[in-house]
2 protein chains.
Amino acid sequence: MKPNRRVKLSDLAKQLGLSTSTVSRALNDHPKIPHETKRRVKQLANDLSYHPNPFAKGLLQKKTKTIGVLLPSFKMSFFVSIIECLQQELKLKGYKLIVSSFGPSLKEEKEAFWEMAKAHVDGIIAIPNNDHEDPTFLNNIIDEGIPILFIDRIIDSLDANFVVTDDFNGMFEAVDYLIDKGRRKIIHLEGPDELSTSFFRLQGYKEALRSKQIEIDKRLIIPCQSKEEVIQKLQSVDVEFDAITCFNDYYAFEALQFLKSKNIRVPDDVCLIGFSDEPICQYTTPQMSSVIQPTSLFGKKAVELILHEIQQLQNNKAIDFDIYKIKTQLQLRQSCLSV
Amino acid sequence: MKPNRRVKLSDLAKQLGLSTSTVSRALNDHPKIPHETKRRVKQLANDLSYHPNPFAKGLLQKKTKTIGVLLPSFKMSFFVSIIECLQQELKLKGYKLIVSSFGPSLKEEKEAFWEMAKAHVDGIIAIPNNDHEDPTFLNNIIDEGIPILFIDRIIDSLDANFVVTDDFNGMFEAVDYLIDKGRRKIIHLEGPDELSTSFFRLQGYKEALRSKQIEIDKRLIIPCQSKEEVIQKLQSVDVEFDAITCFNDYYAFEALQFLKSKNIRVPDDVCLIGFSDEPICQYTTPQMSSVIQPTSLFGKKAVELILHEIQQLQNNKAIDFDIYKIKTQLQLRQSCLSV
DNA sequence: CTGTTAGCGCTTTCAA
DNA sequence: TTGAAAGCGCTAACAG
């Protein structure tokens with residue numbers, strides 16, 4: 001029915017009248033093997049479509065050529081877009097990608113990390129969800145020799161590399177632009193407490209106002225734990241406002257719904273800016289302005305760093321950890337351009 | 001600096017004064033090991049956070065507890081949503097997920113399949129992109145003992161399971177609804193040639209018209225290889241129309257842009273229905289109607305089938321192949337509901 | 001330049 | 001009920 005017997009090194013060796021070591025060396029381009037032998041070996045390997053057993057290799061070399069990627073959810077296209085980029089970059093470098101998502105629960109997130117560790121990936125790239133106050137378990141994984149690189153969110157007190165959005169400047173520029181356009185009463189829809197991104201975006205907002213000597217009105221800073229809260233919170237705002245900046249695009253979409261329902265014109269009465277530049281932004285009416293987080297830069301930097309860490313680890317060399325901030329870009333669309 | 005030495009079976013054995021075989025058996029709940037021994041072994045394993053080396057296991061058992069998932073792109077949220085579901089289902093069953101995307105090129109798609117085969121995954125779940133006229137290489141992979149299950153698109157002449165959308169009925173219902181609402185001149189923006197989905201959606205469109213004795217006007221059937229062509233093709237339509245059905249949501253968004261630019265009112269002048277129900281549909285103005293493809297059903301069915309195939313293969317039993325059609329659901333929103 | 005040998009961590013006969 | 005030993009497929013010392 002099916003042969004189902006994969007060719008292995010010894011099969012090649014037998015057919016060629018060589019030892020397995022020679023064949024192995026030939027395949028791995030060992031310097032001291034004559035070209036002719038290499039050619040013959042590779043030829044046959046190709047003909048029989050021989051593929052080395054990755055488990056035998058993994059067992060021996062403790063390298064799996066596999067990177068684990070952890071993310072909270074596939075629902076955010078920003079994350080997915082990063083995954084896509086990671087996947088492309090890693091494919092180029094000959095790495096495979098094991099992916100796992102873990103949802104909002106801390107317990108599941110921990111488990112997901114452990115599963116990756118158990119799978120003996122060479123390294124982990126993670127978009128964490130929770131503020132790991134006790135990152136002991138992460139340190140344990142790192143101590144086992146699996147470097148972890150974090151994307152988008154910073155976890156304090158952890159020796160690791162971080163590749164994050166320059167949230168501060170991203171929001172700063174957005175608010176700065178609005179002020180230049182004459183808006184003064186700018187709402188900020190703040191994101192979930194526990195995220196470093198919420199914090200820095202809020203700081204950017206405040207600093208932009210401060211730098212133009214505009215007093216910060218606490219009533220305009222509206223914390224929303226999720227996009228579901230946005231409309232309700234906006235209902236109960238009892239001060240005037242002429243612009244809204246948001247933790248992310250989904251908050252902005254909700255805000256847009258709200259404004260429409262109140263017959264408040266965008267951008268004439270109120271300007272609106274999201275964050276992340278989800279592809280949807282082009283399809284809302286009016287089209288949504290947003291802050292672009294260039295995902296390909298995230299992916300490239302992350303891959304570069306994790307591979308470097310893996311190599312350093314292999315050579316028992318020290319690693320310098322750092323926080324890398326990826327510059328954003330303000331994408332203006334109809335929701336901001338007063339006619 | 002780092003211990004970096006994972007605990008292994010022999011470490012447990014040594015500490016317990018047992019042989020590795022006994023420890024192994026205890027861990028695997030071998031019947032002839034006394035409960036007390038099992039308890040002690042498991043206790044220690046837990047304390048030292050022992051995790052069996054998956055490579056040693058893989059080498060021995062030829063089972064990797066890993067499923068490869070192949071998809072053309074992460075850009076389509078329909079695909080991503082399926083991945084998310086696969087990932088959850090497979091996690092429950094103790095499987096890991098290796099993911100790879102391959103873009104539009106046939107060559108890359110082939111390579112991606114091969115890479116998966118080389119990675120010795122237990123099975124492959126694929127959303128193919130191309131119409132593999134010569135599926136020899138797929139058969140080779142299947143012959144190597146790796147079952148492949150295809151999602152969303154059918155490849156003729158291949159012994160495999162397929163889980164696809166009931167495209168025909170999905171589009172049929174959409175068109176049927178429009179006709180009931182009094183629309184008669186319904187455009188169909190047809191998808192890429194090579195996709196079985198394009199074909200069946202078109203058939204559904206035609207059959208709906210036919211069943212209501214409406215003549216099919218070829219000028220209303222507009223083939224578009226990609227969403228980029230939509231606007232341009234619509235420009236040159238020179239017959240009247242009062243509704244548009246689309247190969248997918250992105251086509252519909254483009255169509256919406258076009259209609260807006262022409263000041264054609266949606267849904268008053270022209271009704272618009274997409275396909276896939278991307279989450280964006282809720283945020284366009286007017287909100288986009290679409291055909292829901294329940295991704296969780298895809299995921300569940302796919303996992304069920306592939307695991308069954310793996311098991312049958314392991315027991316050297318025959319597998320019955322089939323095409324499973326997942327029912328769609330018409331999601332009506334503003335783009336269809338005349339006021 | 002090439003073959004022999006040992007061993008990666010685990011499971012699984014085969015004996016005891 | 002348990003241990004010793006072999007071996008999964010491959011690579012890397014160590015000899016030649």
Side-chain angles (χ1 to χ4, degrees), chain A residues 3-42 44-45 48-66 117-122 144-145 314, chain B residues 3-42 44-45 48-66 117-122 144-145 314:
Chain A
N4 199 3
R5 218 187 134 278
R6 294 187 173 79
V7 267
K8 48 195 191 185
L9 213 54
S10 58
D11 297 329
L12 298 185
K14 212 171 292 169
Q15 287 205 33
L16 291 162
L18 292 170
S19 73
T20 56
S21 5
T22 308
V23 176
S24 166
R25 284 191 276 249
L27 255 18
N28 292 308
D29 269 328
H30 188 101
K32 302 197 177 172
I33 300 282
H35 284 300
E36 175 53 17
T37 315
K38 285 186 188 171
R39 210 196 44 71
R40 281 178 54 223
V41 173
K42 286 182 180 171
L44 186 67
L48 302 185
S49 75
Y50 162 80
H51 298 303
N53 183 321
F55 297 99
K57 259 187 153 136
L59 187 53
L60 218 44
Q61 308 182 323
K62 280 122 182 3
K63 284 292 149 227
T64 66
K65 285 283 184 178
T66 302
K118 286 204 279 179
H120 290 225
V121 293
D122 291 348
E144 281 199 15
Q314 197 163 359
Chain B
N4 198 2
R5 216 186 137 277
R6 293 189 175 76
V7 318
K8 47 194 190 186
L9 213 56
S10 59
D11 296 328
L12 298 184
K14 212 170 293 169
Q15 286 205 34
L16 290 161
L18 293 169
S19 73
T20 56
S21 0
T22 309
V23 176
S24 165
R25 283 192 275 248
L27 255 17
N28 292 308
D29 271 329
H30 187 101
K32 303 197 174 172
I33 300 282
H35 283 301
E36 174 54 16
T37 315
K38 285 186 189 172
R39 210 195 44 70
R40 282 178 56 222
V41 173
K42 286 181 180 173
L44 186 68
L48 302 186
S49 74
Y50 162 80
H51 297 302
N53 182 321
F55 297 100
K57 258 187 153 139
L59 186 52
L60 223 41
Q61 309 181 326
K62 283 132 181 5
K63 285 290 149 228
T64 67
K65 285 280 183 180
T66 303
K118 285 204 279 179
H120 289 226
V121 293
D122 291 348
E144 282 199 13
Q314 197 163 358

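What you see is a predicted model, and the numbers here were worked out from it, not measured in a lab. Residue numbers begin at 1 in each chain, while the letters A, B, ... track the order of the sequences.
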ask   = Tell me, do A/T37 and A/L18 make a side-chain contact under 4.5 Å, heavy atoms counted?
value =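 When only atoms from C-beta onward are counted, A/L18 and A/T37 do touch, with a gap below 4.5 Å.
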ask   = Roughly how many Å is it from CD in A/Q61 to P in D/dA13, rounded to a whole number?
value =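 Going from CD in A/Q61 over to P in D/dA13 covers 11 Å.
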note = Here the distance between atom P of D/dT2 and atom NZ of B/K32, to the nearest Å, is 12 Å
remark   = First and last nt of DNA chain C near chain A, cut-off under 4.0 Å to heavy atoms, 5' to 3', are C/dC1 to C/dG9
query = Roughly how many Å is it from CG in A/L59 to P in D/dG7, rounded to a whole number?
reply =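 It is 17 Å, rounded to the nearest whole Å.
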ask   = With nearest nucleotides of DNA chain D determined for B/T37 and B/A56 from heavy-atom distances, which residue corresponds to the more 5′ nucleotide?
value = B/T37
ask   = Do the rings of A/F55 and B/H120 sit parallel, tilted or perpendicular, given the 30° and 60° boundaries?
value = perpendicular
inquiry  = Would B/L27 and B/L9 count as a side chain to side chain contact (heavy atoms under 4.5 Å, CB included) here? Give the steps.
reply    = CA-CA 10 Å; B/L27 255 17; B/L9 213 56; 3.9 Å; yes
request  = Apply side-chain hydrogen bond (donor to acceptor under 3.5 Å, both in side chains) to B/S24 and B/S21, showing your working.
outcome  = CA-CA 5 Å; B/S24 165; B/S21 0; over 6 Å; no
key: Value in whole Å for how far the P atom of D/dT11 lies from NZ of A/K8   =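 Those two atoms, NZ and P, are 14 Å apart.
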inquiry  = From CG of B/L18 over to C1' of D/dT2, roughly how many Å is that when rounded to an integer?
reply    =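 Between C1' of D/dT2 and CG of B/L18: 9 Å.
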ask   = Taking OP1 and OP2 of D/dC8, is either one under 4.0 Å from a side-chain nitrogen or oxygen of A/N53?
value =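 Answer is no, no contact under 4.0 Å.
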task = Quick one: label B/K57 by what it contacts on the DNA or RNA (base, sugar-phosphate, nothing), any heavy atom closer than 4.0 Å.
result =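 Sugar-phosphate, backbone atoms only, no base.
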inquiry  = Can you give me the bend angle of the helix from C/dC1-D/dG16 to C/dA16-D/dT1? Use the axis through the first five pairs and the one through the last five, nearest 10 degrees.
reply    =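 For the helix from C/dC1-D/dG16 to C/dA16-D/dT1, the axes at either end differ by 40°.
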request  = Using a strict cut-off of less than 4.0 Å between a Lys/Arg side-chain nitrogen and an Asp/Glu carboxylate oxygen, indicate whether B/K62 and B/D122 qualify as a salt bridge.
outcome  =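 So B/K62 does not pair with B/D122 through a salt bridge.
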task = Determine whether any donor atom in the side chain of B/S21 lies under 3.5 Å from an acceptor atom in the base of D/dA4, or the reverse, and answer yes or no.
result =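 Side chain to base: pair present.
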message = For the NZ atom on B/K63, are there more than 12 heavy atoms of other groups (residues, nucleotides or ligands in this structure) within a distance under 6.0 Å?
response = yes
key: Distance in angstrom units between A/L12 CG and D/dG9 P, rounded   = 13 Å
B/Y50 vs B/R25, nearer the 5' end of DNA chain C by closest nucleotide = B/Y50
query = For the pair made of CG in A/D11 and P in D/dG9, what is the distance, rounded to whole Å?
reply = 9 Å
inquiry  = Using the rule side chain to side chain contact (heavy atoms under 4.5 Å, CB included), only one of B/L12, B/D11, B/V7 pairs with B/L44; which is it?
reply    =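 Running side chain to side chain contact (heavy atoms under 4.5 Å, CB included) over B/L12, B/D11, B/V7 with B/L44 returns exactly one hit, B/L12.
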inquiry  = Do A/P34 and A/K38 have side chains that approach each other closer than 4.5 Å (heavy atoms only, starting at C-beta)?
reply    =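 No, too far: nothing below the 4.5 Å cut-off.
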Residue pair A/A26 / A/K42: nearest heavy atoms and the distance that separates them = O-CE, 3.8 Å
message = Measure NZ/A/K14 against C1'/D/dG9 and give the value in whole Å, please.
response = 13 Å
